[in-house]
Amino acid sequence: MLKATEAILAELISFPTVSSDSNLDMMAWMADRLEHHGARVELFADSSGAKANMFATIGPDVPGGVVLSGHSDVVPVTDQVWHSNPFQLSERDDRLHGRGACDMKGFIAAAIAMADPLAETPLKRPVHLCFTHDEEVGCMGARALVPELQKRGYAPRMAIVGEPTEMRIIEGHKGCCEYTCRFHGMEGHGSAPERGVNAVEYAVRYVTRLMALAEQLKTRVPANSRFDPPWTTVNVGRLYGGVAHNVIPGFAEVDWEMRPMQEADAGFVKEALHAYVETELLPAMRKVNPAARIETQVIGEVAGLEPLPENAARDLVAQLTGNETCDVVPFGTEAGLFQEMGMSVVVCGPGSIHEAHKPDEYVSRDQLSQCLTMLEGVARSVAA
Ligand SMILES: [Zn+2]
């Protein structure tokens, strides 16, 4: 199995599926291979036609079963110094190097390798392989795919998201929501502030409200939160506006993000900000300039994975890996989207997040075999 997985991994790494580029060649290669082994494969193109998600099924067409999930895209190699071609698998000391080796083509290769024996085993529940595009830039692919799967009536019971965790079991992570807020006021001479609408001042009032909300979030921590820090955080990442001392700035822009540890916190912040904008900021701006406006652009809203007391996926993976401790992590994945679909979800995959996104990224043979052992167990769990 390990040999087969390595051969597949070499193929996958050879497709330079950087998020900004097409993943269609890699998808076509995987679809071909999976169909050849009896999987039912469906590809979902995005609106540009340059990228696709894949959902493949092995076994009976019934509810339940397990989703093995991975993203096909990788981060760029720009400005990184590699000791070998990043898009060609190279082996050194039992480590397999290449862009995406651990994040997360190693897991995808293991899942595809498992498809061969799976197709030859009578199954009572299906195994689905779910490979997405654009995870690294805000889980765009998965967000488009989830409603499509719901439309088709898929109702898998659990999902294993194979992000690199060194095969440790991750049952929770915070979400990540990013926004850009633009303030359009009215320019004027600095000597007559009341005749203009100072976009920078309104941006600062917005940020001040946001920071007050950030303080309130610290009082909304459930007793058992295992996150570090244990509350939902807010970060103002960029503040822009103005041209000179004596000019009333007509435009300002704020980039900010929030890492919700529970869905309700995201709603709390968004509703409070919306109310503040509608009842305080906008009326004041429009008194001077009726055309003044505030636009909020959603850059990305990735759901968190909420750790739940009952989690069949976690229990299965714990039993298969013999790993009894479960953790939460600070990085985001597609897992929260699957949880919203009603599945029990766990994140567990080969390789280390510390190697991901770096030059000379690798996955070790040992990690790949541990992953295969887990997947063989998954196969047994759905066998007739
Ligand atoms: Zn990843």
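Atoms within a ligand are numbered from 1 in the order they appear, just like the ligands themselves.
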Query raised in the report: Where the Zn ion (ligand 1) is the centre, what is the OE2-to-NE2 angle for Glu163 and His71, rounded to 10°?
Result: 80°
Answer yes or no: is there a donor N or O on one side and an acceptor on the other, between the side chain of [X] and the main chain of [Y], under 3.5 Å?
{"X": "Arg286", "Y": "Ala292", "value": "yes"}
{"X": "Asp73", "Y": "Glu136", "value": "yes"}
{"X": "Glu361", "Y": "Cys102", "value": "yes"}

Report task. Provide the atom name of the closest N, O or S atom of Asp103 relative to the Zn ion (ligand 1). Result -> OD1
Query raised in the report: Strictly under 2.8 Å, is any N, O or S atom of Glu135 next to the Zn ion (ligand 1)?
Result: no
Query raised in the report: Below 4.0 angstrom, N of the basic side chain to O of the carboxylate: do Lys51 and Asp46 qualify?
Result: no
